[in-house]
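Note: hydrogens, waters and symmetry copies are ignored here, and every other heavy atom, side chains too, is used. Naming: A, B, ... by sequence-line order, numbering from 1 per chain.
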Amino acid sequence: MKKKFFVTTPVYYVNAKPHIGHAYTSVAADVLARFHKLQGDEVFFLMGTDEHGLKIQKKAEESGKDPQQFVDEISAGFKQLWDKLDIKYDNFIRTTDPKHKRAVQKVLQILFDKGAIYKGEYEGLYCVGCEQFKNEGDLVNGRCPDHDTDCEIVKEESYLLKMNELQEELVQKIEKDEFCIRPEKYKKEILSFLKGEKLKDVSISRKNVKWGIPLPFDAEHTTYVWFDAFLSYLTGLGWNGDILRLSLRKSLRKNKGLALEKLEFWPADVQLIGKDILRVHTTIWPIVLMQLGIEFPKLLFTHGHLLSGGRKMSKTIGNVIGIDEMLEKFGTDGTRYLLMSAGTFGEDVDVTMERLTEKYNADLANGIGNLVSRVIRLAQNFQFSIFNFQSIYNDSIFKNIEKFEFEKAMGYIWKIIRENDKFVEENKPWELQKNDEKKFQEVMQKLVSDLYLISDILMPFMPETSKKIKKALETKEATVLFPRIK
RNA sequence: AGCGGGGUAGAGCAGUCCGGUAGCUCGGGUGGCUCAUAACCACCAGGUCGUGGGUUCAAAUCCCACCCCCGCAACCA
């Protein structure tokens, strides 16, 4: 029986163009989706963009654009990047989609009716100059850095989501891995946070923000962006906000043998996120689900950040590595490879353009690229049909990918590549060709089969390269997969 | 203050959970080869595993203290 596999990336906030971090998460999700498709699973891979909120409203104003026009452009930019990275998603949900908005309003009404959302006050540090609330972290010595003014504590009417009443249950679910958070260290971190303090009820509406989904029960307020954004994980499957629809279908399908409907992909098998959004994904998101009586995602996998020169990438420091720059220099598959093999997925990974270039030359140009060149050249005097090959999907690589150890999976492939280089060296097929035809055939058989195997395993990571290797085996035409840089 | 992570050869990391000759890639040196993208292969150099103590026959790995670095510190989406 086919297994279903539903993977999501975060819905990216479109206040600015996509960067390398977005690419990192997305490529990983694409690798998982492709891998499971190859296993024969029924896969749904959801991506999207989060498009409301004050920040976007302001950015749009600054650039003299209508907010809708602004988000249309940025969102399109995200899609373009996914095309360039050869990311094949099944749906791309935008939170400005009318269907999504209607579903969000439906959910808000449900929660308001059952009392999970109530009218209260939001208290925060307010900067008069900015006309908005600030976080303590934004302030420098308690003052607004933009206006150099003291911020005052201001109360504003707001709607709040009850958090605390479900906190204990949430802790238990996380502990029992019913809501599984990986790697383990993030589970620990979030548990110590949840056990350490009482969750305050979260304000889920804004009065001073125009660019958002109006509350159905109070048109003066718009919905807080995160609340809106989270629900896209469900509306991305076509959910309309109707709770019953989530549970009814399943039993119907079982009884009548109906095909899997999109919505039945829920709960997500994996939600991939970066560590920056761990906390919201382990507080507001699960609480909303609990309040609605909807199942948790099975696994929330949190990866680390890409650092540059040991530091956070920042425009001020000037150590930002652009994703466009990478794509231009290393190509689509080169970029995919470098992102996935850069370091332990889950940990922070330090990269610099110099090291990436070194790795590109070592692993791609000199490694896989060169091996393909030499084997194809030798194979021009060897008769074979690639249709005779059967690929044995390696068990340890299988496990590596299931455990999100992408870098280990790649390491394993590169071990095979090195072994083959060594094998060529030891057997000198160019000599055998002249004086030992039988041995030559044997040696080439092994080389060609291994190359076929490599191309197969490489498929989820480097789909284009995988195809190119197979094509080269077919046509025996020499190809340069990855030209050396410099 | 608190919480989380890290400190292992010139560089980047793995190994730490379940103690037992310190490993990988890059870079450096020497030699080999010519099928290949000046690629590839072999060998060599290079580490008191942050510091100090403890447990143990044995500690990078377990325990304690300290130093240094990074991140988080909730509505920044």
> 5'-most contact on RNA chain B: A:Lys188 or A:Asp421, nearest heavy atom basis?
Replying inline: A:Lys188

>> Please compare A:Leu307 and A:Asn366 by the position of their nearest nucleotide in RNA chain B and report the one closer to 5'.
In response: A:Asn366

Just compare [options] and give me whichever is closest to any side-chain atom of [X].
X: A:Arg279; options: B:A39, B:C72, B:G71; result: B:C72
X: A:Tyr122; options: B:A74, B:C76, B:A39; result: B:C76
X: A:Glu431; options: B:U37, B:C41, B:U34; result: B:U34
X: A:Val480; options: B:U37, B:C76, B:U34; result: B:U37

[atom1] spacing across the pair [N] / [M], given as an integer number of angstrom:
N: B:C18; M: B:A73; atom1: C1'; value: 34 Å
N: B:C17; M: B:A74; atom1: P; value: 35 Å
N: B:U25; M: B:G15; atom1: C1'; value: 15 Å
N: B:G23; M: B:C49; atom1: C1'; value: 12 Å
N: B:G52; M: B:G46; atom1: P; value: 23 Å
N: B:U8; M: B:G50; atom1: P; value: 6 Å
N: B:C24; M: B:A45; atom1: P; value: 13 Å
N: B:C62; M: B:G19; atom1: C1'; value: 7 Å

How many whole angstroms separate atom [atom1] of [X] from atom [atom2] of [N]?
X: A:Lys422; N: B:A36; atom1: NZ; atom2: C1'; answer: 19 Å
X: A:Leu191; N: B:G2; atom1: CG; atom2: C1'; answer: 17 Å
X: A:Ile273; N: B:C76; atom1: CD1; atom2: P; answer: 18 Å
X: A:Lys312; N: B:C69; atom1: NZ; atom2: C1'; answer: 15 Å
X: A:Leu194; N: B:G4; atom1: CG; atom2: C1'; answer: 14 Å

Looking at [Y] and [X], is there a salt bridge between them, counting it only when a charged N and a carboxylate O are closer than 4.0 Å?
X: A:Glu431; Y: A:Lys428; value: no
X: A:Glu73; Y: A:Lys65; value: yes
X: A:Glu184; Y: A:Arg182; value: yes
X: A:Glu51; Y: A:Arg94; value: yes
X: A:Lys467; Y: A:Asp333; value: no
X: A:Glu347; Y: A:Lys185; value: yes
X: A:Lys210; Y: A:Glu61; value: no
X: A:Glu175; Y: A:Lys195; value: yes

Sub-3.5 Å donor-acceptor pair from the side chain of [X] to the main-chain atoms of [Y], do we have one?
X: A:Ser75; Y: A:Asp72; result: no
X: A:His22; Y: A:Pro18; result: no
X: A:Gln57; Y: A:Val209; result: no

>> Run the side chain to side chain contact (heavy atoms under 4.5 Å, CB included) test on A:Arg484 and A:Asn366 for me, step by step, so that the C-alpha distance in whole Å, both residues' side-chain angles and the decisive distance to 0.1 Å come before the verdict.
In response: CA-CA 8 Å; A:Arg484 261 187 89 79; A:Asn366 303 345; 2.7 Å; yes

Can you name the atoms? Protein N/O to nucleotides 11-19 of chain B N/O, anything below 3.5 Å, with the distance.
residue, atom, partner, partner atom, Å
B:A14, OP1, A:Thr344, OG1, 3.1

> Given B:C3, is OP1 or OP2 found less than 4.0 Å from the side-chain N or O atoms of A:Lys185?
Replying inline: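 A:Lys185 to B:C3 OP1/OP2: no side-chain N or O under 4.0 Å.
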
> Starting at the 5' end of RNA chain B, what dot-bracket string do you get if Watson-Crick and G-U pairs under 3.5 Å are bracketed, crossing pairs use [ ], other-strand pairs use | and unpaired bases use dots?
Replying inline: .(((((((.[[[[.)....(..]]]].(((((.......))))).....[[[[[..)....]]]]])))))).....

> When you measure from every atom of RNA chain B, which of residues 356-363 of chain A have a heavy atom less than 4.0 Å away?
Replying inline: A:Glu358, A:Ala362

> Between the base of B:C35 and the side chain of A:Arg374, is there any donor-acceptor pair under 3.5 Å?
Replying inline: yes

> Does the ring of A:Phe423 carry A:Lys446 above it, NZ/CZ under 6.0 angstrom from centre and within 45° of its axis?
Replying inline: yes

